[in-house]
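Encoded as structure tokens, the structure appears first; notes follow it.
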Amino acid sequence: FLRSLKRVINQLLSKYSYDSTAVYDSFISHVSEAKTYDDVIETLFTTIRQTFDPDKQAIFVANFDQRTEQVITHWENFSDQDVFLLENEEAINTILDTVSAKDTLLTQQLIDTKPHTPATVILQTLEVELCIPLQTNTLAGLILVGKKHDKNGYTQEDLTLLEKIVYYASLNIKRTL
């Protein structure tokens, strides 16, 4: 009985915990091989999904180089109504303006400090838990991440890992454009 219990506990721990260094190293290894920005985004989404199992995630990236302007969006598990709301340029700019002034933004912090701002209302409507800015010298964007699988919220270790992989993803999105 004790062996069975120990095996079940180990399975649960491996399912709901992670080694941040191993996740980051694996992400770097895979994303470095990406040939297109779609490959980079898929690797990013897969890493986030496998590590945190959020109920939804999205990415918005605007590329402003000297030759062209390009907007990239990808969605996972957002409703059609959510996508319609986020495709509104004013809604995206409202969120970008709020997030770009900070590092990673926990929606709950925004609710606690500015409960009635347009960005707060949009993020609450979308049930987004995190907004992570994505920036290089010619890219601007953000990653929206929903609730974590265990519903306990994101830890500081989670936020640090997410910021690192999003930063590295931004460099590789730029590389593949």
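Of all non-hydrogen atoms in Val166 and Pro133, the two that sit nearest each other are CG1-O, 3.6 Å. The nearest pair of heavy atoms linking Gly153 to Asp158 is O-OD2, 4.2 Å. Among all heavy-atom pairs drawn from Thr104 and Glu163, the shortest one is OG1-OE2, 2.6 Å.
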Practice problem: Could you walk me through whether Phe27 and Ile48 pass the side chain to side chain contact (heavy atoms under 4.5 Å, CB included) test, one step at a time? | Solution: CA-CA 10 Å; Phe27 175 76; Ile48 292 172; over 6 Å; no
Quiz prompt | Test log, rule side chain to side chain contact (heavy atoms under 4.5 Å, CB included), inputs Ser32 and Tyr168 | solution = CA-CA 9 Å; Ser32 297; Tyr168 202 74; 3.3 Å; yes
Exercise. Please lay out, stage by stage, how Thr117 and Thr120 fare under the test side chain to side chain donor-acceptor pair (under 3.5 Å).
Key: CA-CA 5 Å; Thr117 64; Thr120 305; 2.7 Å; yes
Exercise. List the steps, then state whether side chain to side chain contact (heavy atoms under 4.5 Å, CB included) holds for Ile95 with Leu123.
Key: CA-CA 8 Å; Ile95 296 170; Leu123 293 171; 4.0 Å; yes
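Transitive grouping of hydrophobic side chains (ILVMFWY, heavy atoms separated by less than 4.5 Å) brings Val83 and Val128 into a common cluster. Placement of Ile143 and Val23 within a single hydrophobic cluster is found when ILVMFWY residues are connected by side-chain heavy-atom separations under 4.5 Å, directly or transitively. Placement of Val121 and Leu126 in two distinct hydrophobic clusters is found when ILVMFWY residues are connected by side-chain heavy-atom separations under 4.5 Å, directly or transitively. Leu106 and Leu161 fall within the same hydrophobic cluster, where Ile, Leu, Val, Met, Phe, Trp and Tyr residues are linked whenever their side-chain heavy atoms come under 4.5 Å apart, directly or through other members. Under a hydrophobic clustering in which Ile, Leu, Val, Met, Phe, Trp and Tyr are joined whenever their side-chain heavy atoms come within less than 4.5 Å, directly or via other members, Leu85 and Ile111 fall into different clusters.
Atom CG of Asp82 and atom CG of Asn77 lie 10.5 Å apart (nearest 0.5 Å). Here OG1 of Thr125 is found 9.0 Å from CD of Gln81. Values are rounded to the nearest 0.5 Å. Rounding to the nearest 0.5 Å places CG of Leu134 at 5.0 Å from CD1 of Ile173.
Side chains of Lys35 and Thr176 form no contact here, defined as non-hydrogen atoms less than 4.5 Å apart. Taking 4.5 Å as the limit, every side-chain heavy atom of Thr73 sits out of range of all side-chain heavy atoms of Ile59. Within the 4.5 Å cutoff, the side chain of Asp38 has heavy atoms near those of the His74 side chain. Put simply, the side chain of Ile132 does not reach to within 4.5 Å of the side chain of Leu142, judged on heavy atoms. The side-chain heavy atoms of Leu105 and Leu130, taken from C-beta on, include no pair separated by under 4.5 Å. Residues Pro54 and Lys148 have side chains not in contact (no heavy-atom distance under 4.5 Å, counting atoms from C-beta outward). No side-chain heavy atom of Val145 sits less than 4.5 Å from a side-chain heavy atom of Phe52. Glu127 has its side chain within reach of Lys56: a pair of non-hydrogen atoms, C-beta onward, lies under 4.5 Å apart.
Remark: the backbone N or O of Leu159 is not paired with any side-chain donor or acceptor of Lys164 at under 3.5 angstrom. Judged by distance alone, with hydrogens and angles left aside, the side-chain atoms of Asp112 form no donor-acceptor pair with the main-chain N or O of Gln109 at under 3.5 Å. Of the possible polar contacts, one joining the Asp55 side chain to the Lys147 backbone as a donor-acceptor pair under 3.5 Å is found. Under the 3.5 Å distance criterion, the side-chain polar atoms of Arg175 are matched with a main-chain donor or acceptor of Ala34. Remark: the backbone N or O of Phe45 is paired with a side-chain donor or acceptor of Gln57 at under 3.5 angstrom.
No more than 12 heavy atoms of other residues, nucleotides or ligands lie within 6.0 Å of CG in Asp80, so this atom counts as exposed by the packing criterion.
Note: Trp75 and Phe60 meet the aromatic proximity criterion, with ring centroids under 6.0 Å apart.
When only modelled atom types and interatomic distance are considered, Asp39 and His30 share no side-chain donor-acceptor pair under 3.5 Å. Under the 3.5 Å distance criterion, with hydrogens and angles disregarded, no donor-acceptor pair is assigned to the side chains of Ser29 and Ser26.
Remark: Arg49 engages Glu42 in a salt bridge, criterion side-chain N to carboxylate O under 4.0 Å.
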